[in-house]
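In the text below, chain A, chain B and the rest are named by the order of the sequence lines, each starting its count at 1.
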There are 2 protein chains.
Amino acid sequence: MKLTSKGRYAVMALVDLARFDNINPVSLRDISLRQGISLDYLEQIFSKLKKNEIVKSIRGTQGGYVLNKNPNEIKLTNIFHAVDEKVKTVQCKKESKKGCNGKATKCVTHNLWDELEVHINTFFENKSLKDLLNNNQETRV
Amino acid sequence: MKLTSKGRYAVMALVDLARFDNINPVSLRDISLRQGISLDYLEQIFSKLKKNEIVKSIRGTQGGYVLNKNPNEIKLTNIFHAVDEKVKTVQCKKESKKGCNGKATKCVTHNLWDELEVHINTFFENKSLKDLLNNNQETRV
DNA sequence: TATAAACTTGACCATTTTAGTCGGGTATGT
DNA sequence: ACATACCCGACTAAAATGGTCAAGTTTATA
């Protein structure tokens, strides 16, 4: 199971972006400064976000990134998926149905991880960028 | 966030143990063979489970491990906690309340990870070893 | 009482993942 | 032209993971 700071940074950066992209594109430099995330690392992350059509880029001076969808359409699942954070726990071969560890039967925890995966994914399905924006209004800079 | 095979092995091993400890203690060697987990690695795991009073050990020939509680009293939370699987996502300093990344305000995702942590922990609070035993009766060896 | 089964402890280690850095690009507004 | 900003791929130090290995101690039982 992976849920590390790459996913966290992606969310932080997108929330930042959502707040400031009303008129102009937002540069990674600004996000980097405001959120305290390395610029080079942000570029890696945004490259993936772009490939997954979560953001659009505008090159050249005064360029930057803008959201490609409404904040309420961007679910956290989408974000994590984009940056390769796999919310995934089962090491067992899924396709085989039985025989997780070379044995003839499903390993005893197989169903458990499946359930957990669903549980977590549901949580992320139901959270959008918009929810985070509202949630943090009071602590806004 | 960590939820790796150490936690998975711990659960697998304890389910195995719960099935076979009716009369005699169960040796790690047997668990190792049945579950396909390295004996040396199991020893590390059980050392922690013992420290956390989830199992008891009986030394000497015919020795092994037995559960220290009823299966329905052993929650998955307890197991993961014992083997140092931290179901924990926030990198931010919790105690500081504000100032996650050296900034003056809470980072925008702070509340999110708190929520997720609660969400996952609830899942594990509500699952006991007994649930897993029942769940897998049909695929039993 | 010798022996083997089983737990106990701690050090060690190869591989993979993480969280970046670095160095070069290319596009474009002014 | 030039500075700003995106683009892209290679590289890397440090940590985590998933173990192995060695050298014990304890105790049932033949």
Hey, can you tell me if A/Tyr65 and A/Phe46 have their rings parallel, tilted or perpendicular (30° and 60° cut-offs)?
tilted

Under 4.0 Å between a side-chain N or O of A/Lys50 and OP1 or OP2 of D/dC7?
yes

Quick one: is A/Ser5 getting a side-chain N or O under 4.0 Å of the C/dA19 phosphate, OP1 or OP2?
yes

Testing C/dT21, D/dT4, C/dC7 for proximity to the side chain of A/Thr61, the answer is D/dT4

Find the distance A/Arg8:CZ to C/dT18:C1' and express it as a whole number of Å.
14 Å

Record whether the side chain of A/Glu43 comes under 3.5 Å of the base of D/dC7 through a donor-acceptor pair of N or O atoms.
yes

Side-chain N,O (A/Lys56) to OP1/OP2 (D/dC6) below 4.0 Å:
no

Indicate whether OP1 or OP2 belonging to D/dC21 is found under 4.0 Å from a side-chain N or O atom of B/Tyr41.
no

From the options D/dG19, D/dC6, D/dC21, select the nucleotide whose nearest atom is closest to the side chain of B/Asp40.
D/dC21

Tell whether B/Arg59 reaches the base of D/dT25 with its side chain through a donor-acceptor pair below 3.5 angstrom.
yes

Specify the separation, in whole Å, of atom OH of A/Tyr65 and atom P of D/dT4.
18 Å

Can you tell me the distance, in whole Å, between the CG atom of B/Leu39 and the C1' atom of D/dA22?
14 Å

Counting only distance, no hydrogens or angles, is the base of C/dT21 paired donor-acceptor with the side chain of A/Gln44 under 3.5 Å?
yes

I'd like to know if the side chain of A/Ser47 reaches the main chain of A/Glu43, judged simply by a donor and an acceptor atom lying under 3.5 Å from each other, with no hydrogens or angles considered.
no

Do other residues, nucleotides or ligands put more than 12 heavy atoms under 6.0 Å from B/His119 NE2?
yes

Spacing of A/Leu28 atom CG relative to D/dC8 atom C1', expressed in whole Å
14 Å

Look only at the side chain of B/Asp16 and the backbone of B/Met12, and say whether a donor-acceptor pair between them is shorter than 3.5 Å.
no

Rounded distance (Å) that lies between atom P of C/dG20 and atom CD1 of A/Ile45:
9 Å

Identify which one of A/Leu129, A/Leu17, A/Val83, A/Ile74 satisfies the side chain to side chain contact (heavy atoms under 4.5 Å, CB included) criterion when paired with A/Ile54.
A/Ile74

How would you label the contact of A/Phe46 with the nucleic acid (heavy atoms, under 4.0 Å): base, sugar-phosphate, or nothing?
nothing

Residue closer to the 5' end of DNA chain C, B/Val26 versus A/Lys6 (nearest nucleotide):
B/Val26

Taking for A/Ser47 and for A/Gln62 the nucleotide of DNA chain D with the nearest heavy atom, the one nearer the 5' end belongs to A/Gln62

Is the distance from OP1 or OP2 of D/dG19 to the nearest side-chain N or O of B/Tyr9 less than 4.0 Å?
yes

If only side-chain N and O atoms of A/Ser27 are considered, is one of them under 4.0 Å from the OP1 or OP2 phosphate oxygen of D/dT4?
no

Measure from CG on B/Leu49 to P on C/dT9 and round the result to the nearest Å.
14 Å

Output the rounded distance in Å from NZ (B/Lys48) to P (C/dT8).
15 Å

Between P of D/dC6 and CG of A/Asn24, the distance in whole Å:
13 Å

Between A/Phe124 and B/Trp113, how do the two ring planes meet: parallel, tilted or perpendicular, split at 30° and 60°?
perpendicular

